[in-house]
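The next block holds one structure in the form of structure tokens; read it before the comments.
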Amino acid sequence: MSACVPARADSARTKHVHPPHSPPPHGPRRFRVAGADVSAAIAVFLIALPLSLGIALATGAPLQAGLVAAAVGGIVAGRIGGCPLQVSGPAAGLTVVTADLIQHYGWRTTCAITVFAGIAQLGLGCLRVARSALAVSPAIVHGMLAGIGVTIAVAQLHIVLGGTPQSSVPDNLVALPAQLANLHPADLAVSVLTLTLLLLWPRIPGRAGQALGKLPAALIAVAGATAVAALTGLRLPKVDLPSWSSHALASLPDGPVLGLVAAVLTTTLVCSVQSLLGAVAVDKLVAARPSLTGRVKRSDLDRELLGQGAANIVSGSLGGLPIAGVAVRSSANVAAGAVSRNSTMLHGVLVVIAALLMVPALELIPLASLAALVMAVGLKMVSLNHIRTVTRHREVLVYAVTTCGVVFLGVLEGVALGIAVAVGVALHRLTRTRITHDETEGVHHVHVRGQLTFLAVPRLSRVLHQVPHGADAVVELDGSFMDHAAYETLQDWQKTHTAQGGSVDITGRRPGTRISEPAEEDGCRCRPWTPWRNHQCERPPTAPPRGTAGRSATDGSPAGNLGTATGPNTPGTRDATGATGGSGAPDGPTGHELARGISAFHRNTGPLMRRELARLAREGQQPSQLFLTCADSRVVTSMITSSGPGDLFVVRNVGNFVPLPGEESGDDSVAAAIEYAVDVLKVRSITVCGHSGCGAMQALLAAEPGGAHTPLQRWLRHGLPSLERALPDVDVNEQEQKRGAGRARPRLAGRGAADTAERLCLANVVQQLEHLRAHDSVARALGAGDLELHGMYFHVGEAQSYLLSEDAEGSVFELVRETNLTA
């Protein structure tokens, strides 16, 4: 019985000994740094060192403060932060804020403000409000950075000319003529040399440029200017790093409470927003590197706030500048191949070593060289790409007001002005509604452009009552929002108008904007750009089709879409011979569907597209790509590519084949389309798109050699190379076997092919891309770098698209996931 009792007490004390012939268990894991992280840390360090000194110079802080902030940002924020590859440190976006604080409160109080800003960031991180900080309009953020960049550039221009900057942009602009009249040639020469090296270093051509381009341009510019100044014996103001024993630390803040609170809030806002936006940007850079997929997690923004807060507390306590995520260093870190947060931390360690051991070398750097470097950074903050983006989204007013506010009033005031203008613009868009009325061929059109709110109800009611009783009316809603007051007004008028013998059709861009109850009588709920079966609605047989030409006659005889039937048979019926009755319009089922589809286009889509189609008619077609796909009716090119009129030059055929030039029984129509698209239309890319369940591929697999040569069988001969690529064991002629020898089979990423037909579909896309390269026009454009080729596979049942990519294992079709839509 004792043998059945589990010995739990003894087993808990039992020591597990490894078998005598097995290796001993591993000890604790040793800390290892990947080689990619080491090289990335060195690259970031070489960029951070001169920039940290330059930003400290621009703020008026002790130069050691820039090195302290760079080291703390790398080590503390790099270890605790939620974005592993973001590099933190003294940022150009904080220059104006910090300079203003130093001027008003002194350096030691500024350090205390930095500490309190870090505490505030810790609180925000604990409250998990990081995502809400991204609700600030990008136009405000870009405008703030542009204003800061202008302020930095104008201030540093005085140092470049050998003078001393004033406290504000207006004062600097007023003092600029006197400074130009009294410039120092030595300072100007060193600054010009720095800017020249900074501009030309990345543009060195050839292999030498590729090798030398790995060295940061900022380091080369400052080092080159320093070397020239030292060799020529120029007497210039240079970097002065006092002894660390006399380094100033933070002290208790001294000043008005409200002013100090505003200073803390301003520093917290700028640091947090810049760091969070930087983390989002780093995520995009990481997503563009497939090698990092799964190795680097997406940023935890709340943890990133905690890391930035801790870094600011430490930096302020040690007498360093405020810290935020820095875009230049972060992008350099990702581009240099960093794979973990170790690169950020190691760069901070290198800054510490440089601050302790390289003081004599750093004190040789001319201040004019650092000023030129920071001025260039400030000018880059005024991004033309950002200006184009805000202009495209009609937010240039918000951007301009924020920029001017930051330049002439200050960062906090400029941001507040930008927020006020952004709210005003949003309200203006919400309340600005255009309502027009016109009559075309007896049909009254009421067009509503903008959001339909209670503020627009009086105008809407006035225009609706201009429609005569008993008339046909179409109300076109060109907006994305309708409140309850507008809905009730529109619904009440519709009921009254239909009761008086009129007809009302309400259309809109989005599904669900149709509020008409009578529309349910005939069962038609289709709207443009929405999915529906076969693009048609099943109507009950008792309901007569209603078109734009009229309604049912009073005697009950049906009226067709394009006119009244005059023959003995009603539309949609057939006589004993099977012929379609009626005359004039197509009256059979297919013709009826065609007429209804055209009528729906005229009523719903035509008014929305008329202006764009008129522009295309004037300017002619200028497509960006040639899209070559199968003739399968389930593949809707405009739908799966979200394209519209004028975007794609489409060639469709059975099997999406590209016959080789000069082939026997070749096809000149495809070659002619390719030549026209490449040489005349100057398309920039060609896409070959296959799809699942392709009938041509199934016919190719089922074809028997030596069968009857019908037109379809002769056409399918262009797919024999694809068959050999997918199934090398298939018995094809010797010429096709030579073409398919040694080729890797294409595959889908993440899963295998569902069946042989799908494997053939994938191979066919890759094979047709090879055929494309054999065409002279395509070869010339590829050689000149004017053309790109893309392969695509569309899975009909899953509504998923795959794009072809090349890797070490061959051709792989990668699933297309969500991308950045604002680029």
* Counting only heavy atoms not in Arg394, do more than 12 sit closer than 6.0 Å to its CZ atom? -> no
* How about Val636 and Ser638: do any of their side-chain heavy atoms sit closer than 4.5 Å? -> yes
* Asked: Are any non-hydrogen side-chain atoms of Cys761 and Tyr793 less than 4.5 angstrom apart?
  -> yes
* Taking the side chain as C-beta and beyond, is there a heavy-atom pair between Leu477 and Met482 under 4.5 Å? -> yes
* Kindly indicate whether the side chain of Leu628, heavy atoms from C-beta on, has any atom under 4.5 Å from the side chain of Asn653. => yes
* To do: Calculate, to the nearest 0.5 Å, the distance between atoms CG and CG belonging to Leu789 and Leu769 respectively.
  => 6.0 Å
* Structure fact -> In terms of heavy-atom contacts, Val670 and Val658 come closest through CG1-CA, 4.4 Å
* Check step by step if salt bridge (charged side-chain N to carboxylate O under 4.0 Å, His left out) holds for Glu758 and Arg747. => CA-CA 9 Å; Glu758 184 170 68; Arg747 58 185 178 84; over 6 Å; no
* Determine the minimum heavy-atom distance between Ala763 and Ala726, stating which atoms define it. => CB-CB, 3.6 Å
* Steps toward side-chain contact (heavy atoms from CB on, under 4.5 Å) verdict (Ile674, Val778) -> CA-CA 8 Å; Ile674 294 172; Val778 175; 3.5 Å; yes
* Can any side-chain N or O of Asp472 pair as donor or acceptor with the backbone N or O of Val504 at less than 3.5 Å? -> no
* Asked: side-chain contact (heavy atoms from CB on, under 4.5 Å) between Gln800 and Leu815: does it pass, once the steps are laid out?
  -> CA-CA 7 Å; Gln800 294 280 4; Leu815 183 64; 3.4 Å; yes
* **Verdict with supporting geometry, Leu787 and Arg684, side-chain contact (heavy atoms from CB on, under 4.5 Å)** => CA-CA 5 Å; Leu787 186 66; Arg684 296 188 297 272; 5.7 Å; no
* Structure fact -> To the nearest 0.5 Å, atom CD1 of Ile640 lies from atom OG1 of Thr629 at 6.0 Å
* Asked: Any side-chain heavy atom of His691 sitting closer than 4.5 Å to one from Val635?
  -> yes
* Give a yes or no answer on whether the side chain of His142 reaches the backbone of His386 with a donor-acceptor pair at less than 3.5 Å. => no
* Asked: When you measure from the side chain of Ser805 to the backbone N and O of Val812, does any donor-acceptor pair fall under 3.5 Å?
  -> yes
* **Expected output: side-chain Ser643 to main-chain Leu648 donor-acceptor under 3.5 Å** => no
* Asked: Taking all non-hydrogen atoms of both residues, which atom of Cys83 and which atom of Ser299 are closest, and how far apart?
  -> SG-OG, 3.2 Å
* **Separation of Leu701 CG from Leu723 CG (nearest 0.5 Å)** => 6.0 Å
* Just wondering, more than 12 heavy atoms not from Arg615 lying within 6.0 Å of its CZ? -> yes
* Could you tell me whether the side chain of Phe794 reaches within less than 4.5 Å of the side chain of Tyr802, counting heavy atoms only? => no
* **N/O donor-acceptor pair under 3.5 Å between Ser383 side chain and Asn385 backbone** => yes
* Under the salt bridge (charged side-chain N to carboxylate O under 4.0 Å, His left out) criterion, do Asp786 and Lys682 qualify, and how do the steps go? -> CA-CA 8 Å; Asp786 298 330; Lys682 304 296 183 182; over 6 Å; no
* To do: State, without any angle test, whether His775 and Glu675 hold a side-chain donor-acceptor pair at a distance under 3.5 Å.
  => no
* Asked: Roughly how far, to the nearest 0.5 Å, is CG of Asn333 from CD of Gln86?
  -> 10.0 Å
* **Side chains of His393 and Pro138 in contact at under 4.5 Å (non-hydrogen atoms)** => no
* Asked: Can Asp505 and Val475 be said to form a side-chain contact (heavy atoms from CB on, under 4.5 Å), step by step?
  -> CA-CA 6 Å; Asp505 195 3; Val475 180; over 6 Å; no
* Of Glu788, Gln625, His790, which is the lone residue that meets side chain to side chain donor-acceptor pair (under 3.5 Å) with Thr687? -> Gln625
* Structure fact -> For Cys689 and Phe627, the nearest pair of non-hydrogen atoms, with its separation, is CB-CZ, 3.6 Å
* **Gln768 to His718 - nearest heavy-atom pair and separation** => NE2-O, 4.0 Å
* Asked: At what distance, to the nearest 0.5 angstrom, does CG of Asn656 lie from CE of Met792?
  -> 11.0 Å
* Roughly how far apart are Ser722 OG and Glu770 CD, rounded to 0.5 Å? -> 9.0 Å
* Counting N and O atoms only, with roles assigned by atom type, does the side chain of Ser599 sit under 3.5 Å from a partner on the main chain of Ala595, one being a donor and the other an acceptor? -> no
* Taking the side chain from Arg652 and the backbone from Asp632, do they hold a donor-acceptor pair closer than 3.5 Å? -> yes
* Asked: Do the non-hydrogen side-chain atoms of Leu681 and Gln621 ever get within less than 4.5 Å of each other?
  -> yes
* To do: Taking Arg780 for its side chain and Asp679 for its backbone only, find out whether a donor-acceptor pair lies under 3.5 Å.
  => no
* **Minimum heavy-atom distance between Ser340 and Leu85, given as atom pair plus value** => O-CD2, 3.4 Å
* Parallel, tilted or perpendicular, as decided by the 30° and 60° cut-offs, for the rings of Trp715 and Phe657 -> tilted
